[in-house]
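Order of the sequence lines sets the chain letters (A, B, ...), proteins ahead of strands, with each chain counted from 1.
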Number of protein chains: 2
Amino acid sequence: MPKSKFELIYIDIKRKIESQEYNYQDLLPSENTLSRNYKCTRNTIRRAIQSLVSEGYVQTMHGIGVRVIYQPVDQNTFTIGGIESFQESAARNHRESKTKVIQFTELIVDERIAKHSGFPIGTELYYIQRVRYLDGKPLILDINMFLKSLIPNLTKQIAEKSIYEYLENELGMSIVTSKRKVTVERITEIDEKYLELNDYNCLAVISNQTYNSDGILFEYTKSRHRPDYFCFQDTATRKRTSS
Amino acid sequence: MPKSKFELIYIDIKRKIESQEYNYQDLLPSENTLSRNYKCTRNTIRRAIQSLVSEGYVQTMHGIGVRVIYQPVDQNTFTIGGIESFQESAARNHRESKTKVIQFTELIVDERIAKHSGFPIGTELYYIQRVRYLDGKPLILDINMFLKSLIPNLTKQIAEKSIYEYLENELGMSIVTSKRKVTVERITEIDEKYLELNDYNCLAVISNQTYNSDGILFEYTKSRHRPDYFCFQDTATRKRTSS
DNA sequence: CTCTTATACTTGTTTAAACAAGTTCTATAT
DNA sequence: ATATAGAACTTGTTTAAACAAGTATAAGAG
């Protein structure tokens with residue numbers, strides 16, 4: 001519950017950037033100044049700054065300072081980024097969400113599924129198909145596979161609300177790492193049936209492997225997104241200037 | 001040139017994971033063991049491990065250890081991830097690349113372009129359109145905008161080879177942060193003309209803002225990818241278990 | 001006026017140590 | 001036999017200090 005010092009500092013600086021107390025292209029106060037202000041060591045400040053770097057808020061410059069490169073984004077489209085459930089994204093974008101379960105069954109992993117899911121052959125899974133609605137519009141077709149051995153009593157009722165909420169609040173499981181691929185695939189009959197695709201003949205697919213806090217792969221999901229409401233965000237930083 | 005200690009350790013452990021000296025689901029040797037082996041402090045080890053965490057190679061578990069969650073990926077598709085030029089990606093995927101410049105002109109930023117590129121109105125830019133071929137197939141239509149004031153003598157000849165190589169090797173500029181959005185858009189006449197889209201009526205678009213080592217936005221690029229050869233990879237980690 | 005040099009900043013790397021907190025196993029008391 | 005408590009591990013957080021290395025400015029030499 002009581003967050004660590006570097007995290008509080010990170011949150012505070014982030015807030016100051018978002019509220020434009022520190023403006024785009026400004027330099028932050030120097031690490032020594034910040035460590036005096038926040039009454040901590042330079043190390044703790046550096047750790048907070050590192051988090052901001054990895055999220056594309058600032059960029060450090062050796063011998064010069066730390067430059068703010070955050071620019072506010074317009075909230076038109078339904079953006080995805082970081083680890084977030086559909087429910088959380090909907091709330092963050094101030095939209096109303098609904099979920100319809102169209103299939104709820106079980107499955108044993110064969111060679112074909114093993115290859116792209118990362119689950120070993122023979123693993124018992126829940127296999128769930130759900131349509132996700134945002135403000136009444138069907139936007140996403142989720143195809144979830146959950147490790148049965150880790151999630152004892154998953155039901156259709158839970159799937160209709162939020163599986164992640166169940167995992168985190170009821171089972172005390174926590175999600176740590178998410179490996180994702182974004183591709184574009186041809187539409188299938190199921191897509192056409194449940195999503196209002198107009199005349200689009202392909203859609204965006206996020207394939208997702210999720211690991212819990214024990215480092216166990218417990219979920220593989222394909223989220224099939226209607227193109228007109230799809231936006232995936234990302235920030236990358238280069239490690240080094242030269243070899 | 002002489003890399004830092006933590007980076008050498010990071011590279012060494014990464015190599016051991018990729019060569020499966022440390023296997024999927026294994027625990028790494030403890031931080032204290034590693035610090036003895038590499039003759040450094042625990043801090044330096046922890047820094048190396050942090051890099052591995054952010055790339056989805058390992059996951060730390062409080063009180064338990066550091067678990068390897070790396071699984072080798074099959075190199076069928078042309079994957080994108082991290083900051084990489086087209087040339088570099090091609091080399092990494094062992095493909096032959098070619099570039100054709102179809103437009104090379106200049107441009108002054110108006111309100112519409114300012115809004116999505118992040119450049120201020122009135123900025124002078126190079127405007128370049130290029131088709132990227134991989135193994136003879138046209139896969140990507142790149143629409144580049146480069147800040148003219150930072151790149152004095154960009155020519156069509158350079159654009160035909162590699163602009164990034166020119167920036168890094170000739171101008172000594174270094175690329176640090178890249179903010180990206182992935183969307184799916186309807187095809188345009190130009191897409192249809194230059195990419196062999198068969199009957200796809202949309203394609204994957206990576207919109208890219210790139211910042212140099214001075215924290216200056218110097219590039220905005222839209223890369224329009226043929227769906228059948230598009231794969232974007234990403235790893236995300238959750239910050240905290242609970243509030 | 002121009003160039004060099006010193007110096008006072010900035011961030012980057014590494015060491016060392018202490019304590020907090022989570023997990024696992026073992027010895028002890030009941 | 002079964003709990004409980006403790007010891008011995010693990011990773012997580014924070015402090016403190018020193019030095020390296022890049023950048024800017026101001027003082028001084030030519």
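Between the OH atom of A:Tyr10 and the P atom of D:dT13 there is a distance of 14 Å, given to the nearest Å. Atom CG of A:Leu8 and atom C1' of D:dT13 are 12 Å apart (whole Å). Summarising the geometry, the separation between CG on B:Asp214 and P on C:dT10 is reported as 18 Å, rounded to the nearest angstrom. Rounded to a whole Å, the CD atom of A:Gln50 is 11 Å from the C1' atom of C:dG12. Here C:dT14 presents its C1' atom at 10 Å from CD1 of B:Ile9, a figure rounded to the nearest Å. Per the geometry, CD belonging to B:Glu7 stands 12 Å off C1' belonging to C:dT13, to the nearest Å. The nearest whole Å value for the distance from the CZ atom in B:Arg36 to the C1' atom in C:dT15 is 17 Å. Atoms CG (B:Asn43) and P (D:dA17) sit 16 Å apart, rounded to a whole Å.
Side chain to side chain, B:Gln87 and B:Ser85 fail the donor-acceptor criterion of an N or O pair below 3.5 Å. Between the side chains of B:Tyr166 and B:Gln157, no donor-acceptor pair is found at a separation under 3.5 Å. Side-chain atoms of A:Tyr57 and A:Glu18 include a donor-acceptor pair closer than 3.5 Å.
Around atom NZ of B:Lys156, no more than 12 heavy atoms belonging to other residues, nucleotides or ligands sit under 6.0 Å away. Within 6.0 Å of the CD atom in B:Gln25, the count of heavy atoms belonging to other residues, nucleotides or ligands exceeds 12. For B:Gln71, the CD atom counts as densely surrounded, since its 6.0 Å shell holds more than 12 non-hydrogen atoms of other residues, nucleotides or ligands.
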Dump the pairs, protein N or O against N or O of nucleotides 9-11 of chain D, anything under 3.5 Å, distances to one decimal.
residue : atom : partner : partner atom : Å
D:dT10  : OP1  : B:Ser30 : OG           : 3.0
D:dT11  : OP2  : B:Glu31 : N            : 3.1
D:dT11  : O4'  : B:Gly63 : N            : 3.4
D:dT11  : O2   : B:His62 : NE2          : 3.2

For nucleotides 6-8 of chain C, list the nitrogen or oxygen atoms of the protein found under 3.5 Å from its nitrogen or oxygen atoms, one pair per line.
none

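Nearest heavy-atom pair, A:Tyr22 versus A:Asp26, reported as atom, atom and distance to 0.1 Å: C-OD2, 3.9 Å. B:Tyr24 approaches A:Leu217 most closely through the heavy-atom pair OH-CB, 3.8 Å. When every heavy atom of B:Asp142 is checked against every heavy atom of B:Arg132, the shortest pair comes out as OD2-NE, 3.1 Å.
Contact check, A:Thr44 against D:dT15: a side-chain N or O comes under 4.0 Å of OP1 or OP2. Here B:Lys5 reaches the OP1 or OP2 of C:dT15: one of its side-chain N or O atoms lies under 4.0 Å away.
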